[in-house]
Every structure is written in structure tokens, then in C-alpha cells.
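Ligands are counted one by one from 1 in listed order, and the atoms in each one are counted from 1 as well.
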Amino acid sequence: MCGIIGLHLRDPALHPMLGRLLDDMLCGVSERGPDSVGIAVYGDEERNPPGHAAVSVLRAPGDLATTVAGLLPGTPAVTTQAAGDTTVLTAPVAVDALIAAVAAAAPGALVVGSGTDLVVYKGAGHPQDLARTYGLRDVTGWQGLAHTRMATESAINPEGCHPYSVGADQCLVHNGSFSNHATIRRELARQGVVFDSENDSEVGARFVAACLAEGDDLEKALLRLGETFDGFYTLLVTTADGFAVVRDEIACKPAVIAEHPRWVAMASEFRALADLPGIDEARIFEPDPGKVYTWQR
Ligand SMILES: NC(=O)CC[C@H](N)C(=O)O
């Protein structure tokens, strides 16, 4: 199983409601993945203020903000927000500088999300309990997604949660399993790619990140993924301005897309979309096998 929800808001009047809409959607997929949940939010100006980078960290030591500030030029103000297993650090510096400072300050910590617009939360436990821990209903912004996990390929722990956010403002969530991920992992590792987990979906995320870094757009990157990976998948991939959905060539895993003038949404099951405002006027369809659907901000 595993459950996916994603919401891309076209109408800024809905931005203050993003968290409430996501939380209601999450209820519809919680039982597809009771092991753990990950949530990603784009455009919440309280959690990731304009002009700042945010880095989401697992296994963060208590004094991380002070140590990180001391390592950054000019000792800028570094804020921390702890939510369950995830600690979010923000600072008015470049994303790479904040990641490097976290790595130097806490070698045992793991960065699981980063960007100038993005905040990621991950944890093991029931999705609805963790949604409360993350304050999901209070979230604002223009785009968000969540993944409820029933593990197939690696341990049930926060590291195994989706989204895999392995490039600035990028996220990938996956329902399914890749059968040749070990081979692709070895090829990417030979090219210098470093992995954080044993999870198959991380390999997909690292592959997409490498394609985007080579200059592919989201559609091209996901078509290349389809040519390279064997197995089953529904994927939702998001970037600083994009939202993309793709299913494998035999559409083994479920997905429903709803498109409305005010928003675009996808979920593993329709019931997660049923309470969206204006759902009765939305164009609702199952994505065709192997076809990449993308939307830009
Ligand atoms: N049930 C699923 O879709 C699992 C997704 C992925 N293979 C994982 O183990 O995390």
C-alpha cells in the first residue's frame, strides 16, 4: 500500500487554508500507511521566512542552532522548531551553507529536506498523531504533499519515511517498489552519489535529482526514470515551481487527479479528495499509464 496526497494551490486566497486542506486529505490515506508519515510544505512564510533557507534534520542535538550559528559567517540568527523526530533550522543564508554548517556541527544528524521555500517533517508513528505533532492544520502556503508508509524495502524509522528531498526544494513520494533499485544505486554511487538509507524510493529521488541537475525538466526526468527503473510506482514529484505525477506502464498502483481552476490535487484514493472546495466542478481522472502530468506555478 502506501498513501500519497498532493495539493498545488492556484488561487492565493486558498493559501491560508493549505494545512487544513492537507490534514483533511491525509485522513483519507492514513490507513494505507500506518507505519509513518512525511509531510512537505511549500510557501509557509512563518516556518521558512522569505530570504531564509530551511533545513529539516533528524537526530539533531539540543544545542544545534547555537553551534550552527557559530559556524556561519557573521553569526546570523538561526532558529529551530522541533516537531517530533524532525528539527527545522532556518537562517538568512544560502541553502548549501546551512547544510554544510549542520553537517559540521552535528556529524550524527541527517538532513532530510532543504530549500528556500520548503519545510519537511518525517516520523514513525500513526499519520494522524504525527500531523498533530507537526501542527499540520496551521500550515499555510501554495503547495504541499504527504506520504503514509507501509514499508516494503527498508526499516520503519524516520529515515525510511518519504518524501525523499535530496535537492533544494525537491520532494519525491512513491507508492510501489522498484525491482532494480540496487543496480541503479550502484551505478549512481559510482558517479559519486551518496545515499542516506536502504530505501528503493530514495534511489528514484536521487535519479530524478541528477536528471534535474543535468538540466532536464520534470517531464523529461520522469520519462527517463520510466526508461531506467523496473517495478511498480505511482510518484508525485514537486519542485520550487512544479508538481508532477506519473504511474508505471501497467499502472499497478492507484492514483486519482482532480483539476480545478483554484487547485490541482492528487491522491491514492478519491476519498482523500472528496472534501476539497469545489470538488464537484473539478475534472477528475485516473492518470494514464506511463504518462507524465506536470503543472507549473
Ligand atoms: N508500500 C509502498 O508503496 C512502499 C514504498 C517504498 N517501496 C518503501 O518501502 O518505502
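Looking at Asp169, its side chain never comes within 3.5 Å of a backbone N or O of Thr239 through a donor-acceptor pair. Side chain of Gln143 to main chain of Gly242: a donor-acceptor pair is present (N/O by atom type, distance under 3.5 Å, no hydrogens or angles).
An N or O contact shorter than 3.5 Å is missing between Gly160 and ligand 1 by distance. For ligand 1, none of its N or O atoms has an N or O atom of His147 under 3.5 Å away. Taking distance alone, with nitrogen or oxygen atoms compared against 3.5 Å, Ser177 stays at or beyond that limit from ligand 1. Any N or O atom pair closer than 3.5 Å counts here, and Ala151 shares no such pair with ligand 1.
Residue contact check: Asp200 has heavy atoms under 4.0 Å from atoms 6 (C), 7 (N), 8 (C), 9 (O) of ligand 1. Annotation for ligand 1: atoms under 4.0 Å from non-hydrogen atoms of Asn175 are 2 (C), 3 (O). Distances below 4.0 Å separate heavy atoms of Met150 from the following atoms of ligand 1: 1 (N), 2 (C), 4 (C).
At least one heavy atom of His162 sits closer than 4.0 Å to an atom of ligand 1.
The protein heavy-atom contact nearest to atom 5 (C) of ligand 1 is Gly176 O, 3.2 Å. Atom 10 (O) of ligand 1 has its closest protein heavy atom at Arg149 NE, 2.6 Å. The protein atom (non-hydrogen) at minimum distance from atom 4 (C) of ligand 1 is Cys2 SG, 3.1 Å.
Salt bridge present: Arg59 and Glu159 bring a charged side-chain N and a carboxylate O closer than 4.0 Å. The existence of a salt bridge linking Lys122 and Asp85 is excluded, since no basic side-chain nitrogen approaches an acidic carboxylate oxygen closer than 4.0 Å.
Under the ring-ring contact (aromatic ring centres under 6.0 Å, His included) test applied with His8, the options Trp142, Trp295, Tyr42 reduce to a single match, Trp142. Partner Ser201 forms a side chain to side chain donor-acceptor pair (under 3.5 Å) with one of His174, Arg149, His181 and no other, that one being His174.
The shortest heavy-atom contact between Pro92 and Ala77 is CD-O, 3.4 Å.
By heavy-atom distance, the residue among Val173, Thr152, Ile4 lying nearest atom 7 (N) of ligand 1 is Thr152.
Residues passing the side-chain hydrogen bond (donor to acceptor under 3.5 Å, both in side chains) test with Arg206, sequence neighbours excluded: Asp196, Glu202.
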